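The figures here come from the full heavy-atom set of this structure, side chains too, leaving out hydrogens, waters and symmetry mates. The chains referred to below are lettered A, B, ... by the order of the sequence lines, with proteins before strands, and numbering in each begins at 1. Given the structure is predicted, the values throughout are model-derived calculations rather than measurements.
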Number of protein chains: 2
Amino acid sequence: MLKLSTKGQYGVRAMFEIASGHAGEPVAIKEIAARQDVSVAYLEQILNTLRKSGLITSVRGPGGGYLLARQPEKISIGEILRSLDGPIALTACQDPMEGCVRADGCVTSLLWKALGEKIEGFLDAMTLRDLLTGKNKQLSGQKYPSLEIEKTGHHAFLEKTGKIGA
Amino acid sequence: MLKLSTKGQYGVRAMFEIASGHAGEPVAIKEIAARQDVSVAYLEQILNTLRKSGLITSVRGPGGGYLLARQPEKISIGEILRSLDGPIALTACQDPMEGCVRADGCVTSLLWKALGEKIEGFLDAMTLRDLLTGKNKQLSGQKYPSLEIEKTGHHAFLEKTGKIGA
DNA sequence: TAATACTCTACTAATATTGTCAAGTATTTT
DNA sequence: AAAATACTTGACAATATTAGTAGAGTATTA
């Protein structure tokens with residue numbers, strides 16, 4: 001339960017790729033797609049949305065690609081997710097577009113509201129810079145591996161089977 | 001995004017109904033269904049699952065119904081949700097049944113893991129007792145209304161239209 | 001002018017959620 | 001015993017959402 005859409009996930013990863021791109025140079029969609037193992041077409045949708053939200057800019061022509069519209073520390077994960085998946089709304093009651101229907105709903109409604117705010121607080125406090133450096137307070141307490149790309153036969157195996165234990 | 005299933009929502013609300021039922025007396029499914037405005041058939045599924053998870057017990061025969069299997073303070077919202085919707089898994093990487101596929105996944109993977117733990121921590125700390133009394137620390141800071149049932153023409157309106165602004 | 005790259009819209013397939021239905025079993029009161 | 005009440009179970013259908021594809025088009029620069 002409480003699944004994050006692949007759109008949101010890919011979006012964050014794409015933003016990470018752009019952020020970690022060679023300083024100032026646009027990152028081509030093709031390159032991002034290759035690294036993320038996502039189709040170019042799907043990524044186009046995602047990046048298009050992010051561009052319209054003002055999180056990235058694009059440069060056309062050969063050598064073109066995508067750039068962050070702001071410094072990594074000015075772009076939160078929350079912004080990225082909201083751009084792609086709309087506002088966080090655990091329940092219909094919390095959704096701005098809907099309304100609280102049930103009369104005795106206020107008890108659990110407050111619960112979901114509190115949780116939603118907790119989640120948003122977390123996501124808004126976390127920025128691309130944190131992902132780049134892994135130094136955010138919220139992530140500390142976790143063992144933080146280096147950002148080096150890790151490749152093992154193990155992963156290759158998982159890639160083929162798709163799932164384990166299922 | 002990050003929607004909670006109706007099953008989980010109804011489950012929590014049903015548990016709340018049972019918890020607030022007349023001391024020691026079983027609460028009939030019919031009564032719960034009426035209060036929650038959910039079909040009896042759907043609720044049966046939900047309560048059945050909760051019973052199998054050991055969160056409630058049932059009493060048959062006229063005057064029968066459902067009872068909490070433990071004291072309200074011993075039943076967390078997290079338990080209820082996990083019982084109905086399975087483990088919280090924001091992403092496939094976090095799902096015990098799946099695996100982390102992408103080689104460079106560790107950066108965002110940690111992010112989702114940290115968020116997931118934050119959410120679980122919240123839900124496991126929150127109990128039915130907190131819902132009954134509204135005194136949990138996590139809920140404080142929220143304006144906390146009385147548990148009185150609130151009925152306004154406003155709500156009745158929403159009930160008919162279903163959604164607003166959509 | 002050709003290559004590269006981004007833009008946009010529509011559409012489909014897969015999956016999960018949400019909920020219904022029907023038949024049956026157990027318990028207690030009268 | 002019989003009737004009323006209540007829980008049990010499993011199959012199934014409708015709906016919504018997600019995920020991803022396809023294809024035609026526009027812009028930019030070497």
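A straight line from CD1 of A:Ile56 to C1' of C:dC6 spans 11 Å, rounded to a whole angstrom. One atom, OH of B:Tyr10, and another, C1' of C:dT17, lie 11 Å apart when rounded to the nearest Å. B:Asp37 has its CG atom 10 Å from the P atom of C:dG19, to the nearest Å. Rounded to whole Å, the distance from CD on A:Gln9 to C1' on D:dT18 is 12 Å. Spacing between atom CG of B:Leu43 and atom C1' of C:dT20 amounts to 14 Å, rounded to whole angstrom units. Here the P atom of nucleotide C:dG19 and the CD1 atom of B:Ile46 are 8 Å apart, to the nearest Å. The nearest whole Å value for the distance from the CG atom in B:Asp85 to the P atom in C:dT17 is 7 Å. Counting to the nearest Å, the P atom of C:dC6 and the CD atom of A:Glu31 are 11 Å from each other.
Under 4.0 angstrom from either OP1 or OP2 of D:dT18 there lies no side-chain N or O belonging to A:Ser5. Of the side-chain N and O atoms in B:Ser39, one or more sit less than 4.0 angstrom from OP1 or OP2 of C:dT20.
Comment: A:Arg35 engages A:Glu31 in a salt bridge, judged by a side-chain N to carboxylate O separation of less than 4.0 angstrom. A:Lys3 and B:Asp85 are not joined by a salt bridge, as no carboxylate oxygen comes within less than 4.0 angstrom of a charged side-chain nitrogen. With respect to A:Asp124 and A:Arg82, a salt bridge is recorded, a charged nitrogen being found less than 4.0 Å from a carboxylate O. Under a 4.0 Å N-O distance rule, the pair A:Arg51/A:Glu44 does not qualify as a salt bridge.
For the residue pair A:Thr6/A:Tyr42, the side-chain donor-acceptor check at 3.5 Å is satisfied.
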When you check every protein heavy atom under 4.0 Å of nucleotides 1-14 of chain D, what one-letter string (B, S, -) results, 5' to 3'?
----BSSBB-B---
Please walk me through it: do B:Lys113 and B:Lys118 pass side-chain contact (heavy atoms from CB on, under 4.5 Å)?
CA-CA 9 Å; B:Lys113 183 168 178 240; B:Lys118 199 149 189 123; over 6 Å; no
